[in-house]
Amino acid sequence: MALVPYDGNYLPVLSKLHHSSAEFHFADHNVRLTQDWNKLGVAAVVWDAAVVMCMYLELGQVELTGKVAIELGAGTGLVGIVAALLGAKKVTITDREPALGFLAANVKENIPPDQLGAVEVSELTWGQGLERYPKGGFDIVLGADIVYLEDTFPSLLQTMEHLSSEISVVLLACKIRYERDTNFLSMLKQRFTVHKVHYDKERDIHIYKAVKLPARRDL
């Protein structure tokens with residue numbers, strides 16, 4: 001999902017993504033994340049959507065204390081790490097298998113030792129092996145810049161449906177770059193109520209809140 005080859009040679013504005021690390025201050029912690037564009041491409045750099053998501057979480061608009069959260073397509077793990085630092089009871093940070101060692105190292109570097117037991121790094125390819133995750137078992141489902149490959153939309157939607165209950169909150173931070181991105185939101189609205197809850201004009205990042213529609217009960 002996040003592991004996609006990407007040629008940034010012709011995009012000078014992306015030069016910061018080639019830095020070996022990125023540093024932030026969230027939840028009264030300095031967060032330093034290793035980046036490795038050459039090895040893992042887009043999965044191993046911090047994108048603006050993740051930063052805006054963390055800023056939104058820090059505003060306290062979504063209650064994290066005591067909640068069980070999962071991050072999809074985590075990449076460097078910034079969003080999941082910040083969710084844990086902000087008080088989530090349990091955070092599962094997921095990506096595809098090749099990214100897990102890199103992701104686990106960032107978690108270990110930035111989560112205090114007494115909180116490490118509350119954070120799990122786990123392999124998740126959307127739409128596959130979902131039985132390993134409790135159905136409807138997460139209070140909060142987080143995704144930053146994971147809506148960009150049209151072929152993955154059905155499996156991403158299936159995954160979000162599996163992980164969330166009718167009282168779960170799904171938060172997606174994304175740019176709306178192409179018509180296909182709008183198409184995903186249309187797909188999402190068939191199974192979730194969806195509201196835009198935040199817009200960062202400087203970075204052109206939207207945050208959408210989605211809540212699963214009640215299951216149909218045919219008479």
Side-chain angles (χ1 to χ4, degrees), residues 2 14-37 39-40 42-96 99-124 137-146 163 168-175 197-209:
L14 298 182
S15 61
K16 67 179 180 179
L17 302 178
H18 293 266
H19 296 166
S20 62
S21 66
E23 298 187 18
F24 307 92
H25 187 81
F26 289 114
D28 295 324
H29 287 76
N30 292 318
V31 178
R32 186 178 187 274
L33 300 169
T34 299
Q35 299 191 131
D36 194 342
W37 176 285
K39 184 177 180 181
L40 292 173
V42 298
V45 295
V46 179
W47 295 89
D48 284 346
V51 176
V52 174
M53 176 74 86
C54 291
M55 294 168 64
Y56 181 76
L57 294 177
E58 200 169 39
L59 290 173
Q61 299 296 316
V62 176
E63 181 59 56
L64 283 165
T65 303
K67 301 297 185 179
V68 178
I70 187 167
E71 183 185 3
L72 305 179
T76 62
L78 177 62
V79 172
I81 288 168
V82 170
L85 294 175
L86 287 170
K89 177 176 67 175
K90 177 73 176 179
V91 181
T92 303
I93 305 179
T94 72
D95 211 315
R96 297 175 70 187
L100 296 188
F102 169 83
L103 179 53
N106 274 336
V107 168
K108 185 176 180 180
E109 175 71 21
N110 290 285
I111 298 293
D114 62 343
Q115 288 183 258
L116 272 174
V119 181
E120 177 185 3
V121 173
S122 181
E123 190 278 334
L124 176 55
F138 296 90
D139 301 309
I140 301 171
V141 179
L142 301 165
D145 218 351
I146 61 175
L163 298 173
S168 304
V169 171
V170 177
L171 288 178
L172 296 175
C174 54
K175 284 181 178 287
V197 293
H198 184 73
Y199 177 62
D200 186 301
K201 184 176 180 180
E202 178 183 351
R203 298 174 179 84
D204 189 26
I205 300 293
H206 305 258
I207 295 182
Y208 296 93
K209 175 182 177 182

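We're numbering straight along the sequence, starting at 1.
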Let me have the donor-acceptor pairs involving side chains of residues 61-68, under 3.5 Å, with sequence neighbours excluded, atom names and distances please.
residue : atom : partner : partner atom : Å
Glu63   : OE2  : Thr65   : N            : 3.0
Glu63   : OE2  : Thr65   : OG1          : 3.1

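Atom CG of residue Leu172 and atom NE2 of residue His206 lie 12.5 Å apart, to the nearest 0.5 angstrom. Atoms CG and CG, on Leu86 and Leu57 in that order, are 6.5 Å from each other to the nearest 0.5 Å.
Applying the side-chain contact (heavy atoms from CB on, under 4.5 Å) criterion to Ala49, with sequence neighbours excluded, gives Ala144, Asp145, Ala173, Ile205. In this structure, the side-chain contact (heavy atoms from CB on, under 4.5 Å) partners of Val169, at least two apart in sequence or on a different chain, are Leu171, Lys209. The ring pair (Phe, Tyr, Trp, His ring centres under 6.0 Å) test applied to Tyr56 returns His198, not counting sequence neighbours.
Between Phe26 and Val51, the shortest heavy-atom distance links the atoms CZ-O, 3.9 Å. Of all non-hydrogen atoms in His29 and Pro112, the two that sit nearest each other are NE2-CG, 4.0 Å. Of all non-hydrogen atoms in Ala27 and Leu85, the two that sit nearest each other are CB-CB, 3.8 Å. The heavy-atom pair separating Ile93 from Gly77 by the smallest distance is CG2-CA, 4.2 Å. Looking at every heavy atom in both residues, Cys54 comes nearest to Leu78 through SG-CG, 3.6 Å. Ala83 approaches Leu142 most closely through the heavy-atom pair CB-CD1, 4.1 Å.
The main-chain N or O of Glu71 is found under 3.5 Å from a side-chain atom of Thr94 such that the two form a donor-acceptor pair. Between the side chain of Ser168 and the backbone N or O of Phe138 there is at least one donor-acceptor pair closer than 3.5 Å.
Screening residues 105-116 for side-chain hydrogen bond (donor to acceptor under 3.5 Å, both in side chains), with sequence neighbours left out, gives no hits. Each salt bridge (Lys or Arg N to Asp or Glu O under 4.0 Å) pair with one or both residues in residues 197-207, not counting sequence neighbours, appears once here: Asp200-Arg203.
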Verdict with supporting geometry, Leu163 and Leu72, side chain to side chain contact (heavy atoms under 4.5 Å, CB included): CA-CA 10 Å; Leu163 298 173; Leu72 305 179; 3.7 Å; yes

Side chain to side chain contact (heavy atoms under 4.5 Å, CB included) evaluation trace for Ile81 with Val91: CA-CA 8 Å; Ile81 288 168; Val91 181; over 6 Å; no

